[in-house]
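Worksheet: one structure, shown below.
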Amino acid sequence: MVPAEVPDAEAEPDGLEDRLRRFVTIWSRAIFPATATSLTRPEFERHLLPLARSLRDALHDRIFDATPAHGVGAALVGAHCTDPDALARSLGVVDAYLVLYCGEAADPAGELAADELRSRCARLQATFAAGFAQALRERTLAEQEAIARSALAARGAAEDALHATEARFRAVFEGAAIGIGIADLDGRVLEVNDTLTRMFGGLEHHVRSRNVSEWVHPDDAPQVWRMYKELIRGERDNFRTEKPFFRNDGTVLWTNLTVSLLRDVDGVPQYQLALLEDTTERRLLTLRLRYEATHDALTGLPNRTLFFERLEKALAPARETPKDAAKDEAKSDGAKDGAKSGTKEAGPVPAPRPAARFGLCYLDLDGFKAINDSLGHSAGDRMLVEVADRLQSCATAPGEMVARLGGDEFVALTTGPDTQREVGELAARILGALATPISLDGREFTVRGSIGIVEGKAGESTAAEVLRSADITMYRAKSAGGNRFEHADAEADARAITRHGLTTSLPTALERGEFFIEYQPLVHLADGTVHGAEALVRWSHPTHGVLSPDRFIPLAEHTGLIVPLGRWVLEQSVLQARAWQEELAAGTFAGPVRINVNLSPAQLHHPGLVADTVEVLERIGLPPGSLCLEVTESALIGADEDLLKPLRQLAEMGVDIALDDFGTGYSNLANLRRLPVSVLKLDRSFTQGMQQHPADPVDLKIVEGIVSLAHGLELGVTVEGVETGAQAEHLRRLGCDTAQGWYYARPGPPEMLHTLSMADAV
């Protein structure tokens, strides 16, 4: 055998060693699968490297001699490459790649023609094959001689080997960590090892004396015994499954079972071999982990995960099995045939199955945060545990369950054909169970809850849709005072979903420029000229169209967006007022020169109100006296000095403050003396009686008194909602200063006021 040495790469010209190694890699890939060597693939390549170098050197010798190839073929046999396929593959590699990768090394000066190189390569292949054949023949003769010498010893060795094999099998059989059992084809247990005996309780005769067919368990998978029968018939060689067994003491043993068929030399089934791995503890751990993953750690109730699984199952439309459908169809066809023939044997057409229904109660405790804040979270947890126990006692009927979604939110689910009645009764039981006070730390607390009920047919809604509707309905019950339940209403849900959609889209609406401002003129009642205009913000929603302030201002106040939105309205309104003043100075506009901007209660509490207002006025260049900020009367009821301070600062600067919706807040009239207001905006409810003829004398007296009071306090009076000329005339006679309403103009773009003011000027 040629030594497996790796010469120093520096002995080769640059790159030639790499080409030689690539040739060796191709050679090893071709013949390694056909070798019987114990060498690894990299070791085999190192063994081939000197053989390849010998072929390359013979290829480039000035005086060609193919003898080295004879030794290469013999060396290949010495490396246990004795398969004829190894010779054929080697010759193919030499023929295809020796000249390609080693030709440059064979003739670096280009003295040999390509034909000469191919001729030398062919002679090397022939010599290679001769050396391989001779070595293989010599090896075969030597092996035959060795076989003959060992034939006599083989018989004794075979007997010893058989004995050793039996001993090893017995050692494996007895000492295996898994249970092993052997039975005949009739199922009689013939042999069991100690492990299997211990798995079944420790008494061997309780296992050995039994038949496999006795180990049926109710939890067996449907296909277990079908596969077993196929194995006994010889239709399969083995099967693997998870199977439980009953022990003699009644406990359950869970196993991974593998059953194999043992055949004789002719392939005829003889025995069955069973291997059993005890998985009982693993299964119990899995069940425990599953329980912990699907149950609330505090209350022990099913959690959100398990509840959604049950809810989705309850909402899935009922599906008939093909067998049931065929049976019903056969009954129906039989009934039809009987009816046609007039026979009495035909039964009635089966009644349709009642549609599956569900009912869901979504419960949220009222005022639970106060318990946590006053007594601590530990007491709150004890209350939740008590609530959970009471809820469980309310849902004990088949098809009912209670779960905790998180915090103080619980759900109760009922299923069946009569959930329209049952879900209401379930909600009433829950509220009744919560009515009994709960004792915590020596104090008694009455728990109240708000419940949203959703009931319907299975298959019509998804679990997420049902839970969303129940959540919305629960908040409707809470808004109605709590400690009650409400049934879901599709229209109310749609409104709530719309409100939610508007709330979530509000922040980006301002960035996208979806808001715009319309202006409604304020008219002098004395001469009918335009005195100013009120800025009214609108939302051009991409889906819902133009929305009035009452649709989105409450949402903006709830989310806090009212502050940046209000600042934007102020800035745009002041810019427009400044533009009107410039047109007035140029003689192209006759008014208005004042702008009224509404302030929400949230803006009043914002610390930057005064600074923002001053910054906008100074930057745009509008005199403070041209701005009037309108504040609703209800926002100032009971206002302390901290709330009135920013309004006083603005009033001292010259900004007018108007008390909007005056007369609707039930405020003490004496408060007018301390409020920094200069204008009263009378609510339209006081002037509606003036639209009829004759005018309501009570309304006339009330407005007359308010105007007298306001003028006595040196306050101007503006009236909203003027819709008729008669109404405007009554207000003028009563001494009101300005008015606005559809009688004069509806809110519109600033160009509309330009036209109106120029008409007044003419």
Side-chain angles (χ1 to χ4, degrees), residues 32-38 80-86 88 140 143-144 146-148 150-200 204-217 219-245 253-279:
F32 187 76
T35 65
T37 179
S38 61
H80 304 290
C81 297
T82 57
D83 193 311
D85 194 34
T140 302
E143 290 177 348
Q144 289 176 346
I147 292 173
S150 60
L152 294 177
R155 294 179 183 176
E159 294 177 357
D160 294 341
L162 179 60
H163 178 74
T165 300
E166 291 178 351
R168 285 195 298 270
F169 170 77
R170 182 55 56 184
V172 170
F173 185 80
E174 296 297 339
I178 62 174
I180 303 176
I182 300 175
D184 60 20
L185 297 183
D186 292 329
R188 291 190 301 271
V189 179
L190 304 177
E191 290 287 342
V192 294
N193 67 350
D194 291 341
T195 303
L196 184 62
T197 301
R198 289 194 299 271
M199 289 167 60
F200 277 89
E204 182 178 348
H205 66 277
H206 285 168
V207 182
R208 187 190 296 270
S209 62
R210 300 182 65 176
N211 191 287
V212 172
S213 60
E214 299 176 24
W215 278 316
V216 176
H217 191 279
D219 293 335
D220 284 339
Q223 70 273 20
V224 169
W225 293 101
R226 175 181 57 80
M227 293 188 298
Y228 176 75
K229 292 177 181 178
E230 293 174 355
L231 181 126
I232 296 303
R233 293 194 300 264
E235 297 174 2
R236 63 165 58 235
D237 288 329
N238 56 73
F239 70 87
R240 179 182 178 86
T241 187
E242 184 180 34
K243 176 171 170 46
F245 294 88
L253 167 70
W254 279 91
T255 68
N256 280 334
L257 171 66
T258 302
V259 182
S260 302
L261 187 63
L262 302 180
R263 302 175 184 267
D264 61 15
V265 293
D266 296 324
V268 178
Q270 292 291 308
Y271 302 100
Q272 49 180 311
L273 172 69
L275 305 178
L276 290 83
E277 178 189 5
D278 188 350
T279 61

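Basis for what follows: all heavy atoms, side chains included, without hydrogens, waters or symmetry-related copies.
Residue K243 holds its NZ atom at 9.5 Å from CG of L276, rounded to the nearest 0.5 Å. Atoms CG and CG, on D278 and L253 in that order, are 5.0 Å from each other to the nearest 0.5 Å. Within the model, atoms CE of M227 and CG of N238 stand 10.0 Å from one another, a figure rounded to the nearest 0.5 Å. L275 CG to N193 CG: the interatomic distance, rounded to the nearest 0.5 Å, is 9.0 Å. Taking CZ of R226 as the reference point, atom CZ of F239 lies at 10.5 Å (rounded to 0.5 Å).
In this structure, the side chain of R263 engages the main chain of G234 through a donor-acceptor pair within 3.5 Å. Judged by distance alone, with hydrogens and angles left aside, the side-chain atoms of N256 form no donor-acceptor pair with the main-chain N or O of E277 at under 3.5 Å. Proximity of a side-chain donor or acceptor of Q272 to a complementary backbone N or O of I182 within less than 3.5 Å is not detected. With hydrogens and angles disregarded, no donor-acceptor distance shorter than 3.5 Å links the side chain of D186 to the backbone of R188. With hydrogens and angles ignored, the 3.5 Å screen pairs no side-chain donor or acceptor of D266 with any backbone N or O of V268.
Nearest heavy atom pair, residue I232 against residue L185, reads CG2-O, 3.7 Å. Nearest approach of P244 to D220, heavy atoms of both residues: CD-OD1, 3.5 Å. Here the shortest heavy-atom pairing between D83 and A34 reads CB-O, 3.4 Å. A pairwise comparison of heavy atoms in L196 and I180 identifies CD2-O, 3.6 Å as the closest pair. Here the shortest heavy-atom pairing between A274 and L257 reads CB-CD1, 4.2 Å. Heavy-atom minimum distance, C81 versus T35: SG-CG2, 3.1 Å.
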For M199 and T255: C-alpha separation, side-chain torsions, deciding distance, then whether side chain to side chain contact (heavy atoms under 4.5 Å, CB included) applies. CA-CA 10 Å; M199 289 167 60; T255 68; 4.1 Å; yes
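Partners of R236 according to the salt bridge (charged side-chain N to carboxylate O under 4.0 Å, His left out) rule, which considers only residues two or more places apart in sequence or in another chain, are E230. Remark: F245 pairs with F200, W215 by the ring-ring contact (aromatic ring centres under 6.0 Å, His included) rule, at least two apart or across chains. Residues satisfying the salt bridge (charged side-chain N to carboxylate O under 4.0 Å, His left out) test with E242, not counting sequence neighbours, are R283.
Residue-environment remark: OH (Y271) stays at or below the threshold of 12 foreign heavy atoms within 6.0 Å.
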